[in-house]
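Remarks on the structure that follows.
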Amino acid sequence: MSQRVYIFDTTLRDGEQVPGCQLTTEEKIVVAKQLELLGVDVIEAGFPVSSPGDFRSVVEISKAVQAPTICALSRAVQGDIDAAADALKYAKRGRIHTGIGSSDIHIQHKFNTTREKIIERAIDATKYARKRVEDVEFYCEDAGRADLVFLAQLVEAVIGAGATVVNIPDTTGYCLPEEYGGKIRYIFENVKNVHKATISIHCHNDLGLATANSLSGIREGARQVEVTMNGIGERAGNTSLEEVVMALQVHKELGLETGIDSTKIYPTSQLVSKMMRMPVQANKAIVGRNAFAHSSGIHQDGFLKHSLNYEIMNPQDVGVDKSDIVLTARSGRHALKHRLELLGFVFEQETLNDLYARFLEVADVKKEVNDKDLVDLAKATVAA
Ligand code: KIV
Ligand code: ZN
């Protein structure tokens, strides 16, 4: 039987922190409803103390969305925790996500304090948050660069204080996959009460390793992963929802599943991109324009013989209509013949060879040969 990995979506909090991606409350509700359809388990809806607008967004999302848990961020201070709890008043299931720095860099240069004081503040914040809501997630900020022994002490302390979920963020995207997975393994092996809480993964993509690190943490036993749609987020972004979900879906041998309806991935990606005014790069895994496009002759020929030759999932699995054969000067006869047939033109091999030569002349000039160009070429061939 597969084990469940819970999807915590922070598109509306970490994702929305990106300059230029800010949304109005009404826009956030549209995105939150789509995330609910997609099947995420938790929606991090905002950071209520940060502005009246963010507070209102958490209130309204709590009213508009029923199935996922609604989460609100706070620092480990009472005012933040109160704002988060107040904003979650209408949530069917509300969670406060509080926390503090855990690396010596943060402890010294951000909080100007000591490890001991950090543990005290963490315990106080967790206990205080638990007085307001049942479900409290604690984040150990910059855990990616934290001392492992201290990190384990902090995790043990907040679980003891009532945290239901403990988040181990690689805030600066610093770790390598084995290193990050090793931290999660160490926590499972050294924190006495670890099974009283869910261990959560939250990775940033500064070295392009967010998905690899998240999978590494999941394989070591973490059962919640924090992600954003299209991987948007601070600096180089957060772990992409679509990448983790499809990696687990494609690699069934891992025995891990999510509650995501993968056929809603592409429409959700498009919605988020449009509303946040953040284009998706063409070669983005799963949701990029080229993710299911084949353009070289060798690949097109292999794909047309059997899609499995060059595709590890069906485009329909992620809500994309169909794969694309892009005709360029690198395309071969097989792809040209296939496209012409779809357009209603069937030629003998010899005629096709002549047409192919003319096609290459056009393709060398144009970047991509479109259907109109092909129809013109085919009609000229028929008329000759
Ligand atoms: O990256 C990070 O550490 C965060 C925390 C606030 C969870 O986003
Ligand atoms: Zn983050």
Side-chain angles (χ1 to χ4, degrees), residues 6-19 21 40-51 54 58 69-77 80-81 83-84 87 95-107 109-111 118 121-122 125-126 129 135-146 150-151 154-155 158 163-175 180 183-184 187 197-211 213-214 217 222 224-241 243-244 276 278:
Y6 293 93
I7 299 295
F8 175 116
D9 184 280
T10 184
T11 304
L12 294 174
R13 200 280 296 168
D14 228 347
E16 210 246 358
Q17 288 174 204
V18 173
C21 287
V40 307
D41 298 289
V42 184
I43 293 177
E44 189 164 46
F47 182 15
V49 85
S50 67
S51 75
D54 227 34
V58 176
T69 294
I70 305 300
C71 181
L73 186 76
S74 78
R75 292 164 298 181
V77 290
D80 283 33
I81 295 170
R95 178 185 295 176
I96 293 178
H97 189 189
T98 189
I100 199 162
S102 65
S103 66
D104 287 333
I105 300 174
H106 277 216
I107 294 171
H109 302 297
K110 192 171 151 183
F111 295 97
I118 287 286
R121 284 182 63 177
T126 306
D135 191 4
V136 173
E137 173 167 342
F138 188 91
Y139 65 85
C140 310
E141 197 182 9
D142 203 21
R145 293 186 295 173
F150 174 68
L151 183 62
L154 181 59
V155 173
V158 294
T164 47
V165 182
V166 185
N167 179 9
I168 312 296
D170 185 18
T171 305
T172 54
Y174 167 78
C175 289
Y180 187 72
K183 280 187 188 269
I184 303 300
I187 287 168
T198 301
I199 297 298
S200 184
I201 301 297
H202 178 117
C203 295
H204 280 263
N205 206 29
D206 299 64
L207 292 173
L209 293 170
T211 297
N213 287 347
S214 297
Q224 176 179 279
V225 58
E226 309 198 359
V227 291
T228 61
M229 205 62 228
N230 302 333
I232 60 162
E234 285 277 353
R235 306 180 309 280
N238 287 56
T239 305
S240 292
L241 178 149
E243 293 176 12
V244 171
M276 290 193 154
M278 180 64 112

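Not measured: the values here are computed from a predicted model. Start at 1 and go down the list; that is how both ligands and their atoms are numbered. These values consider heavy atoms only, across backbone and side chains, with no hydrogens, waters or symmetry-generated copies.
Here the side chain of N205 pairs a donor or acceptor atom with the backbone of A210 at under 3.5 angstrom. Side-chain atoms of T239 come within 3.5 Å of backbone N or O of C203 as a donor-acceptor pair. Within the 3.5 Å criterion, the main-chain N or O of I7 finds a donor-acceptor partner in the side chain of D41. Proximity of a side-chain donor or acceptor of T11 to a complementary backbone N or O of M229 within less than 3.5 Å is detected. Side-chain atoms of H97 do not come within 3.5 Å of backbone N or O of A72 as any donor-acceptor pair.
Residues F47 and V58 fail the side-chain proximity criterion, which asks for heavy atoms closer than 4.5 Å. Under the 4.5 Å side-chain criterion, counting only non-hydrogen atoms from C-beta, T98 is in contact with F138.
Within the 4.0 Å heavy-atom cutoff, H97 counts among the residues contacting ligand 1.
When only interatomic distances are considered, the shortest N/O to N/O separation between D14 and ligand 1 falls below 3.5 Å. Ligand 1 has no nitrogen or oxygen under 3.5 angstrom from a nitrogen or oxygen of E141. Residue-to-ligand polar distances place H204 within reach of ligand 1: an N/O pair is separated by less than 3.5 Å.
Heavy-atom proximity to H202, at under 4.0 Å, picks out these atoms of ligand 1: 1 (O), 2 (C), 4 (C), 7 (C), 8 (O). Near N167, the atoms of ligand 1 lying under 4.0 angstrom from a non-hydrogen atom of the residue are 7 (C).
Protein N/O/S atoms nearer than 2.8 Å to the Zn ion (ligand 2) total 3.
No part of E234 comes within 4.0 Å of ligand 1, judged by heavy-atom distances. Only side-chain heavy atoms of R13 come within less than 4.0 Å of ligand 1; its backbone N, CA, C and O stay farther off.
Rounding to the nearest 0.5 Å places CG of D206 at 6.5 Å from OG1 of T172. To the nearest 0.5 Å, the span separating OG1 on T10 from CG on L73 amounts to 7.5 Å.
The closest non-hydrogen atom to atom 3 (O) of ligand 1, taken over D142, T171, T172, comes from T171.
In this model, a donor atom of one side chain and an acceptor atom of the other lie less than 3.5 Å apart for D142 and S103.
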